[in-house]
Novice: 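Before we start, here is the structure in question, set down as structure tokens.
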Amino acid sequence: MLEVEVKFRVSDVNDIVGKLRGFATYLGSDVEEDHYFNHPCRDFAVTDEAIRVRLYGSGKVTITYKGPRLSGEGKVRVEYNIDVDSASNAISVLKALGFREVAVIRKERMEYTYGNYTIYVDKVNELGNFLEIETLTNDQGMVSELVKSIMGFARKTLGIKEDSVEPKTYLELILSKVSEGK
């Protein structure tokens, strides 16, 4: 399954939430803490991969592997998720295998759904406010059309301008911020 996602920087979360309340289904909110790791034998920053352990405020824990981006449009990549019962055990296993923790990212996330879209409104510690719109496909040939659809939806329905697109992942943004501070 391919995840097709477009992320936007937003200044007013309340404005976005107000618009979403008019038509989208609210699925809930949670606090998420993402622990990102680098592989012991290859640099994920070079291979454009990611592995993380996500702790949800609800107590759920998920390990996620994200493969390299497959398209220059939006963020399209293979993603695998495994639910586990212990964040500390998952982190310990990764460290025992030689993975090195490179960042922890915390965010408050509100989740909505509309049609085939999952819509996230995020307040990310140290980075600001974002809107993510994603959908799934098994057909790589549909990616360009899906990205265009997401962009049109964001513009027409939520008033988001194309220059608000944020091409970097939260991990890339936080690592850039850390390296700028050095």
Side-chain angles (χ1 to χ4, degrees), residues 1-8 13 17 20 24-71 74-138 140 143 146 150 166-175 177-178:
M1 187 65 65
L2 298 174
E3 174 188 71
V4 180
E5 170 191 306
V6 180
K7 180 186 308 173
F8 305 89
V13 169
V17 168
L20 287 169
T25 302
Y26 176 67
L27 299 178
S29 62
D30 209 342
V31 174
E32 298 175 357
E33 181 178 282
D34 294 337
H35 294 252
Y36 285 91
F37 293 85
N38 202 0
H39 195 280
C41 300
R42 64 182 190 255
D43 185 352
F44 282 169
V46 173
T47 62
D48 192 30
E49 297 169 279
I51 192 161
R52 74 167 181 239
V53 176
R54 175 171 283 170
L55 292 73
Y56 296 86
S58 63
K60 180 180 171 183
V61 180
T62 303
I63 300 173
T64 300
Y65 166 78
K66 292 185 176 223
R69 280 173 258 221
L70 301 174
S71 167
K75 283 194 233 87
V76 181
R77 42 175 86 212
V78 172
E79 180 175 306
Y80 302 108
N81 295 292
I82 303 168
D83 290 338
V84 296
D85 63 359
S86 169
S88 62
N89 282 347
I91 290 169
S92 293
V93 165
L94 288 171
K95 288 181 176 179
L97 292 170
F99 285 79
R100 181 178 49 85
E101 190 167 14
V102 295
V104 177
I105 299 171
R106 292 175 185 84
K107 65 180 168 284
E108 295 175 37
R109 171 169 271 186
M110 293 171 271
E111 183 176 357
Y112 294 83
T113 186
Y114 179 73
N116 292 327
Y117 298 133
T118 302
I119 304 163
Y120 301 105
V121 180
D122 293 338
K123 295 179 183 179
V124 185
N125 288 11
E126 301 181 44
L127 295 178
N129 302 320
F130 298 86
L131 169 72
E132 289 186 7
I133 304 172
E134 70 180 37
T135 191
L136 300 172
T137 186
N138 284 319
Q140 193 167 351
V143 167
L146 290 170
I150 290 171
E166 176 52 68
K168 293 183 179 179
T169 66
Y170 292 142
L171 178 59
E172 290 168 332
L173 291 169
I174 204 77
L175 291 177
K177 188 172 181 159
V178 168

Novice: Is there a side-chain contact between Val17 and Tyr112 in this structure, where contact means two heavy atoms from C-beta onward sitting under 4.5 Å apart?
Specialist: yes

Novice: Side chains of Arg77 and Asp48: does their closest heavy-atom pair fall under 4.5 Å?
Specialist: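 A side-chain contact under 4.5 Å exists here.
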
Novice: What's the separation between atom CD in Glu5 and atom CG in Leu136, rounded to the nearest 0.5 Å?
Specialist: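 If I round to the nearest 0.5 Å, the distance is 10.5 Å.
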
Novice: Do the non-hydrogen side-chain atoms of Leu2 and Val78 ever get within less than 4.5 Å of each other?
Specialist: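 SC-SC contact between Leu2 and Val78 confirmed.
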
Novice: Is there side-chain contact between Lys95 and Phe37, with heavy atoms separated by less than 4.5 Å?
Specialist: yes

Novice: At their closest point, which heavy atom of Gly98 faces which heavy atom of Pro40, and how far apart are they?
Specialist: O-CB, 3.3 Å

Novice: Indicate the atoms forming the closest heavy-atom contact of Thr137 with Val4, along with that distance.
Specialist: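 It is CG2-CG2, 4.0 Å.
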
Novice: Can you tell me how far apart OG1 (Thr118) and CG (Leu27) are? Round to the nearest 0.5 Å.
Specialist: 7.5 Å

Novice: With a 4.5 Å cut-off on side-chain heavy atoms, are Met110 and Val13 touching?
Specialist: yes

Novice: Return the minimal non-hydrogen interatomic distance between Leu131 and Ile119, and the atom names on each side.
Specialist: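 So the minimum-distance heavy-atom pair works out to CD1-CG2, 3.5 Å.
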
Novice: Could you tell me if the ring centre of Tyr170 sits under 6.0 Å from that of Phe130?
Specialist: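 When the ring centroids of Tyr170 and Phe130 are compared, they turn out to be within the sub-6.0 Å range.
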
Novice: Kindly say whether Val124 contributes a backbone atom to a donor-acceptor pair with the side chain of Asp122 at under 3.5 angstrom?
Specialist: no

Novice: Give me the atom names and distance for the closest heavy-atom approach of Asn38 to Arg42.
Specialist: OD1-O, 3.4 Å

Novice: Rounded to the nearest 0.5 Å, what's the gap from NZ on Lys75 to CD on Glu134? Could you check?
Specialist: 9.5 Å

Novice: State the OG1-CG distance between Thr169 and Asp34, to the nearest 0.5 angstrom.
Specialist: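 Answer rounded to 0.5 Å: 10.5 Å.
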
Novice: Surrounding OH of Tyr65 (heavy atoms of other residues, nucleotides or ligands, distance under 6.0 Å), is the total greater than 12?
Specialist: yes

Novice: Would you call Leu70 and Val143 a side-chain contact if the rule is heavy atoms closer than 4.5 Å?
Specialist: no

Novice: When rounded to the nearest 0.5 angstrom, what distance separates CG in Asn89 from CG in Leu94?
Specialist: 11.0 Å

Novice: Show, in sequence, the C-alpha distance, side-chain angles and deciding distance for Phe8 and Ile133, and conclude whether the side chain to side chain contact (heavy atoms under 4.5 Å, CB included) test is met.
Specialist: CA-CA 9 Å; Phe8 305 89; Ile133 304 172; 4.0 Å; yes

Novice: Test your reading of the model: is there a side-chain donor-acceptor pair from Thr62 to the backbone of Asn81, 3.5 Å cut-off?
Specialist: no

Novice: Let me see the working for Lys7 and Glu166 under salt bridge (charged side-chain N to carboxylate O under 4.0 Å, His left out), right down to the final yes or no.
Specialist: CA-CA 5 Å; Lys7 180 186 308 173; Glu166 176 52 68; over 6 Å; no

Novice: Is Ile51 close to His39 at the side-chain level, that is, under 4.5 Å between some pair of heavy atoms?
Specialist: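 SC-SC contact between His39 and Ile51 ruled out.
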
Novice: Please say which of Lys177, Arg69, Lys66 ends up in a salt bridge (Lys or Arg N to Asp or Glu O under 4.0 Å) with Glu172.
Specialist: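 The option that passes is Arg69.
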
Novice: Could you tell me which non-hydrogen atom of Val102 sits nearest to which non-hydrogen atom of Leu175, and how far apart they are?
Specialist: O-CD2, 3.9 Å

Novice: Going from OH on Tyr36 to OG1 on Thr64, what distance comes out if it is rounded to the nearest 0.5 angstrom?
Specialist: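 The OH atom of Tyr36 sits 8.0 Å away from the OG1 atom of Thr64.
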
Novice: Look at atom OH of Tyr80 and say whether more than 12 heavy atoms of other residues, nucleotides or ligands are closer to it than 6.0 Å.
Specialist: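 Not buried by this count: 12 neighbours or fewer within 6.0 Å.
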
Novice: Using a 6.0 Å cut-off, check whether atom CG of Asn116 has over 12 heavy atoms from anything other than its own residue.
Specialist: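 Atom CG in Asn116 is not crowded, with 12 or fewer foreign heavy atoms closer than 6.0 Å.
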
Novice: Within a strict 4.5 Å, meaning less than it, do heavy atoms of the Thr25 and Thr113 side chains meet?
Specialist: yes

Novice: Less than 4.0 Å between a side-chain N and a carboxylate O, is that true for Asp30 and Arg109?
Specialist: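 Looking at Asp30 together with Arg109, the answer is no, because their closest N to O distance does not fall below 4.0 Å.
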
Novice: For Glu32, run the salt bridge (Lys or Arg N to Asp or Glu O under 4.0 Å) check against Arg106, Lys123, Arg52, Lys107 and tell me which one passes.
Specialist: Lys107

